[in-house]
Amino acid sequence: MTNEKVQLNSALKKAENNLYKVSKQFAEAEELNKMIKETYDNLLAIEKLTEENPSLNSIASKEIKEKKLVSLHKKMEEDLSVLKEKVNSFEDKATRTKLFLESFRTNRIYEFKEEESMAEFVKQAYPLFSISRISFKPEFVGTVNLEEIAGELKEEPKGNQLLNMPVEKVSKLLEIIEKKSLFKNARIENELLKIVLKGKKTISVDSDNTRIRRLDRLCKQFDGTWKED
């Protein structure tokens, strides 16, 4: 193995390990976020009580001094400021690494505001890449009568596992899926582009990065949004 490959493998392994560790630290940091929020809420509650009941000022003043709340609060604010500066110092690297890793993305979850928008997206996705034939597979094979669906589409079923058809019939297929409530994890796919229906307005897509980026633009045309799969 060449030195460059060794360096690449080492960097990949370290990146993987660190990302898992960072994810764990963020989960633990949620408790810290909660504590900070509660601290601010507590102090604002004291402020409100003393404003509404001036007679409590002397008690609050004595307790704040004894509990050293002023200095403790100042230390917390200083620590937060340092943390913000450190996080901000990563901004350039964060942008660059995001762009780099996005160039390897092969999956996406698209969400639409309207059922019709999702259907139009699916109908236009395959012709976008000159894909002529697709396959339909329900979530649980054997529980859906594909022969019946094939009859409605005027196609020959491939047993009760998979149904192949020309892409022009995807519109009719979506109507049947709607009628039979088969949206959950049903697959409409081709070797180049795989779409899994997650609901009437949500789909999961697998393809190569170039097609994913083109599908992002198609998604925008239908006022859709996307998130990580």
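In terms of heavy-atom proximity, Lys201 sits nearest to Glu114 at CG-C, 4.2 Å. Heavy atoms only, all atoms of each residue included: Phe136 and Leu182 are closest at CZ-CD1, 4.2 Å. For the residue pair Val167 and Pro127, the shortest heavy atom distance occurs at CG2-CD, 4.2 Å.
Taken to the nearest 0.5 Å, the OG atom of Ser132 stands 13.0 Å off from the CE atom of Met165. Distance CZ/Arg213 to OG/Ser103: 7.5 Å, rounded to 0.5 Å. For the atom pair Leu128 CG and Leu193 CG, the distance stands at 9.0 Å (nearest 0.5 Å). Between Asn9 atom CG and Glu4 atom CD the span is 12.0 Å, to the nearest 0.5 Å. In this structure, CG on Asp92 lies 9.5 Å from OG1 on Thr97, to the nearest 0.5 angstrom. If you take NZ on Lys137 and CG on Leu163, they are separated by 13.0 Å, rounding to the nearest 0.5 Å.
Within the 3.5 Å criterion, the main-chain N or O of Glu77 finds no donor-acceptor partner in the side chain of Ser81. A donor-acceptor pair is defined here as one N or O able to donate and one able to accept, closer than 3.5 Å; such a pair exists between the side chain of Thr39 and the backbone of Met35. Although no hydrogens or angles enter the test, the distance criterion places a donor-acceptor pair under 3.5 Å between the side chain of Asn190 and the main chain of Arg133. The backbone N or O of Leu153 lies less than 3.5 Å from a partner atom in the side chain of Lys169, making a donor-acceptor pair. Between the side chain of Ser207 and the backbone N or O of Ile212, no donor-acceptor pair lies under 3.5 Å.
Using a 4.5 Å cut-off on side-chain heavy atoms (C-beta onward), Ile149 and Lys180 make contact. Two residues are said to be in side-chain contact when any heavy atoms from C-beta on lie closer than 4.5 Å; Tyr126 and Ile188 meet this criterion. A heavy-atom distance below 4.5 Å is found between the side chains of Ile46 and Leu43. Proximity of Asn18 to Lys21: side-chain heavy atoms (C-beta onward) are separated by under 4.5 Å at one or more points. Within the 4.5 Å cutoff, the side chain of Leu192 has heavy atoms near those of the Arg211 side chain. The side-chain heavy atoms of Tyr40 and His73, taken from C-beta on, include a pair separated by under 4.5 Å.
Salt-bridge formation is detected for the pair Lys179/Glu152: a Lys NZ or Arg NE/NH1/NH2 atom is positioned less than 4.0 Å from an Asp or Glu carboxylate oxygen. Glu120 has a carboxylate O that lies under 4.0 Å from a charged side-chain N of Lys123, or vice versa, which qualifies the two as a salt bridge. Between Asp216 and Lys220 there is no salt bridge, since none of the side-chain N atoms of the basic residue sits less than 4.0 Å from a carboxylate O of the acidic one. Checked for salt-bridge contact, Glu111 and Lys227 meet the test: a charged N lies under 4.0 Å from a carboxylate O. Using a cut-off of 4.0 Å between Lys/Arg side-chain N and Asp/Glu carboxylate O, Arg108 and Glu102 are scored as salt-bridged. Salt bridge present: Lys13 and Glu16 bring a charged side-chain N and a carboxylate O closer than 4.0 Å.
Listed by first and then second residue, the side-chain hydrogen bond (donor to acceptor under 3.5 Å, both in side chains) pairs involving residues 48-62 are Lys62-Glu66 (not counting sequence neighbours).
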List the steps and the verdict of side chain to side chain contact (heavy atoms under 4.5 Å, CB included) for Ile134 and Ile195. CA-CA 10 Å; Ile134 56 172; Ile195 294 178; over 6 Å; no
Set out, in order, the CA-CA distance, both residues' side-chain angles and the distance that settles side chain to side chain contact (heavy atoms under 4.5 Å, CB included) for Phe129 and Thr210, then state yes or no. CA-CA 11 Å; Phe129 307 112; Thr210 300; over 6 Å; no
Steps toward side chain to side chain contact (heavy atoms under 4.5 Å, CB included) verdict (Phe183, Met118): CA-CA 12 Å; Phe183 278 102; Met118 191 271 280; 3.8 Å; yes
Does the side chain to side chain contact (heavy atoms under 4.5 Å, CB included) test come out yes or no for Glu30 and Asn33, once each step is laid out? CA-CA 5 Å; Glu30 185 58 34; Asn33 290 336; 3.8 Å; yes
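A single hydrophobic cluster is seen to contain both Leu32 and Met76, as judged by linkage of ILVMFWY side chains at heavy-atom distances under 4.5 Å, directly or through other members. A single hydrophobic cluster is not seen to contain both Ile109 and Val196; linkage of ILVMFWY side chains at heavy-atom distances under 4.5 Å, directly or through other members, places them apart.
Relative orientation of the Phe112 and Tyr110 rings is tilted, given thresholds of 30° and 60° on the angle between their planes.
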